[in-house]
Amino acid sequence: VEIPSLSDLNEMQKTLLPPIFKTEIAFQRDNAKEKDSDIVLLGNMSSGERQQIFTFTTIVYHVLNLLSIKYADRNQYRNVTVVFDELEICFHPEFQRGLISNLITFIEGLGLNNAFSFNIILATHSPFVLSDLPESCRLMLKDGVPQDEKEKTFGANVYDLLNNHFFMTEFVGKFAAKKIDDIIEKINNALENNDTQNIEKLQSEINIIGDDFIRYKLNERIEPLLSNHKKALLKAELAQKEEELNILKQRLEEYDSDKI
């Protein structure tokens with residue numbers, strides 16, 4: 001099967017220098033306004049960007065090898081199964097979100113689908129990848145056992161996918177969840193004993209929490225303690241001022257007695 005784009009790639013391969021030479025591959029961004037602007041060297045790309053390029057070009061390499069079989073006594077392969085095992089493992093979330101779209105665009109853009117019928121199997125832990133797959137094309141496993149999941153996944157919300165299809169019940173880091181539990185326990189103990197000694201430190205711990213609702217509710221719970229703490233500080237300040245006033249009165253009386 002003669003495919004111009006694949007043929008062009010094959011010709012390009014012939015011009016590549018052998019590995020004994022030190023070479024650098026450069027890419028230009030699609031949105032570059034000038035010819036020499038936004039040039040990106042392969043060696044400067046992130047591991048995820050390089051992984052995606054290496055994976056896609058590996059497909060082309062094997063497709064070209066299969067197309068090179070032209071002898072009548074050899075099998076002419078026209079059906080290809082590609083298996084990816086956690087391909088997204090080093091991808092930025094945005095790269096994970098675009099993986100399926102980029103893969104399809106790559107295969108169709110080079111006309112690979114005109115040469116072969118592709119069956120693609122992906123093992124993934126990414127909800128972004130799962131959200132691009134209809135339920136008819138997915139198999140959910142838990143401890144190696146297939147799960148009878150009926151919920152639709154194509155275009156589904158990532159948070160719903162994590163909850164329903166990745167068997168997750170908490171959506172914050174484990175350390176942060178434990179820290180929040182510790183803060184709640186401190187609040188309960190402080191309320192029970194009306195202990196305001198460390199309330200400002202406790203408030204500073206609450207205020208680093210990123211979830212607005214959790215932060216608001218915890219601050220709401222310590223409000224009585226903060227009020228009592230502020231009253232105690234004001235009383236202490238008042239007592240200090242009264243003591244200072246008494247000292248001033250005493251000095252004034254001593255001054256008056258000295259004059260007499």
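This one's a predicted model, so the numbers in the text were calculated from it and none came from an experiment.
- Here CD1 of Ile39 is found 12.0 Å from CG of Asn44. Values are rounded to the nearest 0.5 Å.
- Side-chain atoms of Asn219 and Asn207, non-hydrogen and from C-beta on, do get closer than 4.5 Å to each other.
- When hydrophobic clusters are built by joining Ile, Leu, Val, Met, Phe, Trp and Tyr residues whose side-chain heavy atoms come closer than 4.5 Å, directly or via intermediates, Ile206 is grouped together with Leu191.
- Glu200 and Ser204 are not linked by any side-chain donor-acceptor pair at a separation below 3.5 angstrom, with hydrogens and angles left out of the test.
- A distance of 12.0 Å separates OG in Ser47 from CD in Gln52, rounded to the nearest 0.5 Å.
- No side-chain heavy atom of Leu133 sits less than 4.5 Å from a side-chain heavy atom of Thr124.
- Taking a cutoff of 4.0 Å between a charged side-chain nitrogen and a carboxylate oxygen, Lys179 and Asp182 do not qualify as a salt bridge.
- Between the side chains of Ser126 and Glu88, no donor N or O sits under 3.5 Å from an acceptor N or O.
- Of all non-hydrogen atoms in Leu139 and Pro146, the two that sit nearest each other are CD1-CB, 3.9 Å.
- Shortest non-hydrogen contact noted between Phe106 and Leu112 is CE2-CD1, 4.3 Å.
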*Carefully, step by step, assess Lys241 and Leu245 under the rule side chain to side chain contact (heavy atoms under 4.5 Å, CB included).*
CA-CA 6 Å; Lys241 297 299 182 184; Leu245 181 60; over 6 Å; no
_Verdict with reasoning, Lys178 to Asp181, per salt bridge (charged side-chain N to carboxylate O under 4.0 Å, His left out)_ = CA-CA 5 Å; Lys178 184 179 182 303; Asp181 287 340; over 6 Å; no
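- Between Glu135 and Arg138 there is no salt bridge, since no side-chain N of the basic residue sits under 4.0 Å from a carboxylate O of the acidic one.
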*Would you check, one step at a time, whether the test side chain to side chain contact (heavy atoms under 4.5 Å, CB included) holds for Ile53 with Met45?*
CA-CA 10 Å; Ile53 291 172; Met45 290 182 175; 3.6 Å; yes
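- Hydrophobic clustering places Ile104 together with Leu122 (ILVMFWY residues linked when any side-chain heavy atoms are closer than 4.5 Å, directly or through intermediates).
- Under the salt bridge (charged side-chain N to carboxylate O under 4.0 Å, His left out) criterion, Arg50 pairs with no residue at all, not counting sequence neighbours.
- Grouping the Ile, Leu, Val, Met, Phe, Trp and Tyr side chains by contacts below 4.5 angstrom, directly or via other members, places Ile184 apart from Tyr216.
- Heavy-atom minimum distance, Thr55 versus Leu87: OG1-CD1, 3.3 Å.
- Residues Phe154 and Phe128 fall into different hydrophobic clusters, defined by Ile, Leu, Val, Met, Phe, Trp and Tyr side chains chained together at heavy-atom separations under 4.5 Å.
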*Steps toward side chain to side chain contact (heavy atoms under 4.5 Å, CB included) verdict (Gln250, Asn246)*: CA-CA 6 Å; Gln250 183 179 356; Asn246 289 332; over 6 Å; no
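- Residues Ser131 and Ala156 approach most closely at CB-O, 3.7 Å, considering heavy atoms.
- The distance from the CZ atom of Phe175 to the CD1 atom of Ile180 is 10.5 Å, given to the nearest 0.5 Å.
- The two residues Asp132 and Ser101 come nearest to each other via the heavy atoms OD2-N, 4.5 Å.
- Looking at heavy atoms from C-beta onward, Phe56 lies out of side-chain contact with Thr105 at the 4.5 angstrom threshold.
- Applying the side chain to side chain donor-acceptor pair (under 3.5 Å) criterion to Lys217, with sequence neighbours excluded, gives Glu220.
- From Leu218, atom CG reaches atom CG of Asp211 across 9.5 Å, with rounding to the nearest 0.5 Å.
- Residues Leu66 and Val83 do not share a hydrophobic cluster, defined by chaining ILVMFWY side chains whose heavy atoms lie under 4.5 Å apart.
- Residues Val80 and His62 form no side-chain contact, since every pair of their non-hydrogen atoms from C-beta on lies 4.5 Å or further apart.
- For the atom pair Glu223 CD and Gln203 CD, the distance stands at 8.5 Å (nearest 0.5 Å).
- Between Leu99 atom CG and Phe84 atom CZ the span is 7.5 Å, to the nearest 0.5 Å.
- Ile59 approaches Phe118 most closely through the heavy-atom pair CG2-CE2, 4.3 Å.
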